[in-house]
Amino acid sequence: MTTVSAYAATSATEPLTKTTITRRNVGPHDVAFDIHFAGICHSDIHTVKSEWGTPNYPVVPGHEIAGVVTEVGPDVTKFKVGDRVGVGCFVDSCRECPSCRAGEEQYCTNPGMVGTYNAIGRDGEPTQGGYSGAIVVDENYVLSIPDSLPLDAAAPLLCAGITLYSPLRHWNAGPGTSVAVVGLGGLGHMGVKLAHAMGAKVTVLSQSLKKMEDGLRLGADEYYATSDPTTFETLAGSFDLILNTVSANLDLNAYLGLLKPDGTLVELGMPEHPMTLSAPLLVSARRRLAGSMIGGIAETQEMLNFCAERDVRPEIELITPDYINEAYQRVLASDVRYRFVIDTESLRG
Ligand code: NAP
Ligand code: ZN
Ligand code: ZN
């Protein structure tokens with residue numbers, strides 16, 4: 001085992017603090033890599049604040065991880081020392097259930113994917129995430145980062161990027177489709193960039209018009225404030241696809257009314273509390289309410305390649321690890337443009 005520096009949460013209310021954790025020895029199929037950058041996802045905050053149930057403290061969050069390979073096991077075929085790699089939200093799965101066999105490991109049913117942090121690995125040990133100096137992961141759960149993508153900008157693609165790419169592909173966003181993105185945060189800004197790159201007409205639905213200039217620059221065709229009630233009248237029945245990235249409860253019914261007949265509202269945000277649904281809004285226009293979670297390994301690689309080819313990159317604010325707690329406060333205040341990425345240099349050995 002090796003010891004590495006990390007930032008961990010020890011309770012729902014204490015700030016994250018610097019600590020050390022251990023990483024397993026490199027097994028035959030493992031890749032060890034130095035972490036260079038780790039994105040801060042709102043899921044990290046939900047987890048450490050116990051909003052999804054009490055996690056297994058101490059928790060080292062971080063599932064948007066990019067770095068450079070330092071060692072590979074003897075049976076590794078996909079990677080070599082020096083390769084630029086990434087890891088997203090999971091580090092293992094059963095590899096046998098129908099979802100795993102279909103390349104949708106995120107929906108593994110037996111008993112489920114192994115999360116990058118706050119999970120128990122197949123070796124029985126707790127997993128710890130990317131706010132740290134190094135990690136060891138089975139090669140089948142490691143992504144290759146194309147040369148043209150800088151490592152810092154690649155990190156947020158591993159969760160925010162794939163979480164928007166997958167539903168946009170699944171629901172066939174492209175020329176002739178009208179897509180709305182609700183919430184212009186880490187996920188939302190990737191939704192705007194990706195939907196625009198795929199050729200869809202993109203509308204941002206944000207709480208205010210504060211970020212309108214940014215939204216239009218990122219690729220939105222239209223931008224509306226949801227605090228203005230006339231928005232919901234103006235846009236009634238407008239969209240084929242609505243991607244809701246908001247981390248808090250919303251009046252989903254108001255948004256269902258913005259769908260065309262047969263349109264789909266995809267829930268991506270995972271707020272702490274349940275939301276209510278008005279049946280007539282679904283029934284009256286054969287609308288659909290769906291959910292979607294990240295993407296499988298193959299689709300994540302496809303997304304990375306797409307972003308490299310089409311020059312789609314997240315807008316990031318680089319921080320040092322001692323700024324993590326302040327960054328969390330700013331994410332909670334919707335004051336992020338548009339993803340905090342931790343430069344983990346000071347955590348590397
Ligand atoms: P984020 O950067 O905080 O963005 C969320 C955005 O939602 C904010 O920027 C804000 O946008 C809007 N918002 C926040 N509070 C709001 C409120 N009370 N009412 C209306 N709008 C509000 O968070 P993120 O990292 O993008 O994550 C968003 C959510 O997705 C989280 O719940 C996270 O856990 C979840 N998530 C899900 C998946 C998945 O696989 N499905 C993957 C990653 C994350 P405006 O300022 O533009 O209104
Ligand atoms: Zn995430
Ligand atoms: Zn499985």
Side-chain angles (χ1 to χ4, degrees), residues 38-49 51-52 61-65 88-90 92-117 122 129-130 155-167 181-192 204-212 214-215 218 220 223-227 243-252 254-255 266-273 275 290-296 300 314-315 317 327-340:
I40 293 181
C41 176
H42 206 118
S43 301
D44 302 346
I45 303 175
H46 288 305
T47 303
V48 305
K49 290 190 173 301
E51 290 173 2
W52 295 339
H63 57 208
E64 295 184 336
I65 308 173
C89 297
F90 56 94
D92 214 336
S93 66
C94 84
R95 310 171 192 215
E96 286 165 3
C97 73
S99 297
C100 283
R101 281 206 302 268
E104 297 202 310
E105 301 90 349
Q106 76 276 28
Y107 302 128
C108 175
T109 55
N110 184 27
M113 66 178 189
V114 176
T116 302
Y117 61 83
R122 299 215 295 172
L157 297 176
L158 279 314
C159 175
I162 185 60
T163 298
L164 277 294
Y165 184 89
S166 186
V181 176
V182 189
L184 193 65
L187 264 57
H189 96 291
M190 286 312 305
V192 172
V204 173
L205 302 175
S206 179
Q207 292 169 95
S208 72
L209 296 180
K210 248 184 350 204
K211 295 180 273 189
M212 180 157 167
D214 280 358
L218 296 172
Y223 199 106
Y224 288 87
T226 53
S227 52
L243 303 176
N244 178 19
T245 74
V246 172
S247 48
N249 280 23
L250 276 194
D251 176 9
L252 287 183
Y255 293 84
V266 184
E267 184 57 32
L268 300 173
M270 291 198 280
E272 181 179 2
H273 303 292
M275 291 186 273
S292 181
M293 187 171 67
I294 45 172
T300 304
E315 311 246 320
E317 181 173 337
Y328 274 24
Q329 292 311 317
R330 286 183 53 196
V331 171
L332 289 169
S334 300
D335 176 23
V336 50
R337 297 193 181 194
Y338 282 89
R339 200 57 143 183
F340 288 110

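Throughout, residue positions are numbered sequentially from 1 according to the sequence presented. Whatever order the structure lists them in is the order used to number ligands and atoms, beginning at 1. Worth saying up front: this structure is predicted, and the values here are computed from it rather than measured. Note: hydrogens, waters and symmetry copies are ignored here, and every other heavy atom, side chains too, is used.
Contacts with ligand 1 closer than 4.0 Å are made by no heavy atom of C89, backbone or side chain. If you look at Y328 next to ligand 1, there are no close heavy atoms at all, none under 4.0 Å. Counting heavy atoms under 4.0 Å from ligand 1, residue V246 touches it through both backbone and side chain. At a 4.0 Å heavy-atom cut-off, ligand 1 touches S247 through backbone and side chain alike.
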Side chain to side chain contact (heavy atoms under 4.5 Å, CB included) evaluation trace for S292 with T163: CA-CA 7 Å; S292 181; T163 298; over 6 Å; no
Derivation of the side chain to side chain donor-acceptor pair (under 3.5 Å) call for D44 and Y117: CA-CA 9 Å; D44 302 346; Y117 61 83; 2.6 Å; yes
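The nearest non-hydrogen atom to atom 21 (N) of ligand 1, considering only M293, Q207, E267, comes from Q207. Closest heavy-atom approach to atom 29 (C) of ligand 1 among the candidates N249, T245, V331: T245.
Within ligand 1, counting atoms from 1 as listed, the ones closer than 4.0 Å to a heavy atom of L250 are 20 (C). Distances below 4.0 Å separate heavy atoms of L187 from the following atoms of ligand 1: 24 (P), 25 (O), 26 (O), 27 (O), 30 (O), 36 (N), 43 (C), 44 (C). Ligand 1 places these atoms under 4.0 Å from at least one heavy atom of K211: 9 (O), 11 (O), 45 (P), 46 (O), 47 (O). The contact set between ligand 1 and H42, taken as ligand atoms under 4.0 Å from a residue heavy atom, comprises 1 (P), 3 (O), 23 (O), 24 (P), 25 (O), 27 (O), 31 (C). Listed by number with element, the atoms of ligand 1 under 4.0 Å from a non-hydrogen atom of S206 are 45 (P), 46 (O), 47 (O), 48 (O). For ligand 1, the atoms sitting less than 4.0 Å from at least one non-hydrogen atom of A248 are 17 (C), 18 (N), numbered in the order shown with element in parentheses. Near H46, the atoms of ligand 1 lying under 4.0 angstrom from a non-hydrogen atom of the residue are 31 (C), 32 (O), 33 (C), 34 (O). Each of the atoms 34 (O) of ligand 1 lies under 4.0 Å from some heavy atom of W52.
When all heavy atoms are compared, the tightest approach of A327 to I40 is CB-CD1, 3.9 Å. Across all their heavy atoms, E105 and G296 have their closest contact at OE1-CA, 3.3 Å.
Remark: L164 CG to I294 CD1 distance equals 12.5 Å, nearest 0.5 Å. For the atom pair L209 CG and T226 OG1, the distance stands at 9.5 Å (nearest 0.5 Å). Here the SG atom belonging to C89 is positioned 9.0 Å from the CD1 atom belonging to I65, to the nearest 0.5 angstrom. Rounding to the nearest 0.5 Å places CG of L158 at 11.5 Å from SG of C41. The distance from atom SG of C94 to atom CZ of R122, rounded to the nearest 0.5 Å, is 7.5 Å. Interatomic distance, NE2 of H189 versus NZ of K211, reported as 11.0 Å (0.5 Å rounding).
Looking at atom 11 (O) of ligand 1, its nearest protein heavy atom turns out to be L184 N, 3.3 Å. From the protein, the heavy atom lying nearest to atom 10 (C) of ligand 1 is S334 OG, 3.5 Å. Remark: minimum distance from atom 34 (O) of ligand 1 to any protein heavy atom is reached at S43 OG, 2.8 Å.
Looking at S334 and Q207, their side chains come closer than 4.5 Å, going by heavy atoms from C-beta outward.
For H42, every N, O or S atom stays at 2.8 Å or more from the Zn ion (ligand 2). At a cut-off of 2.8 Å, C89 does not coordinate the Zn ion (ligand 2) through any N, O or S atom.
The shell of residues lying under 4.0 angstrom from ligand 1, judged by heavy atoms, includes R339.
Polar contact check, G183 against ligand 1: no nitrogen or oxygen pair lies under 3.5 Å apart. Residue contacts with ligand 1: C159 is placed with no nitrogen or oxygen under 3.5 Å of a nitrogen or oxygen of the ligand (distance criterion only).
The SG atom of C108, the Zn ion (ligand 3) and the SG atom of C94 define an angle of 110° (nearest 10 degrees).
A salt bridge is absent between E272 and K49; no separation between the charged side-chain nitrogens and carboxylate oxygens falls under 4.0 Å.
A side chain to side chain contact (heavy atoms under 4.5 Å, CB included) with E267 is found for one member of L252, T245, V182 and no other, namely L252. Here the options are L250, V246, N244, the test is side chain to side chain contact (heavy atoms under 4.5 Å, CB included), and the partner is Y255; only L250 passes.
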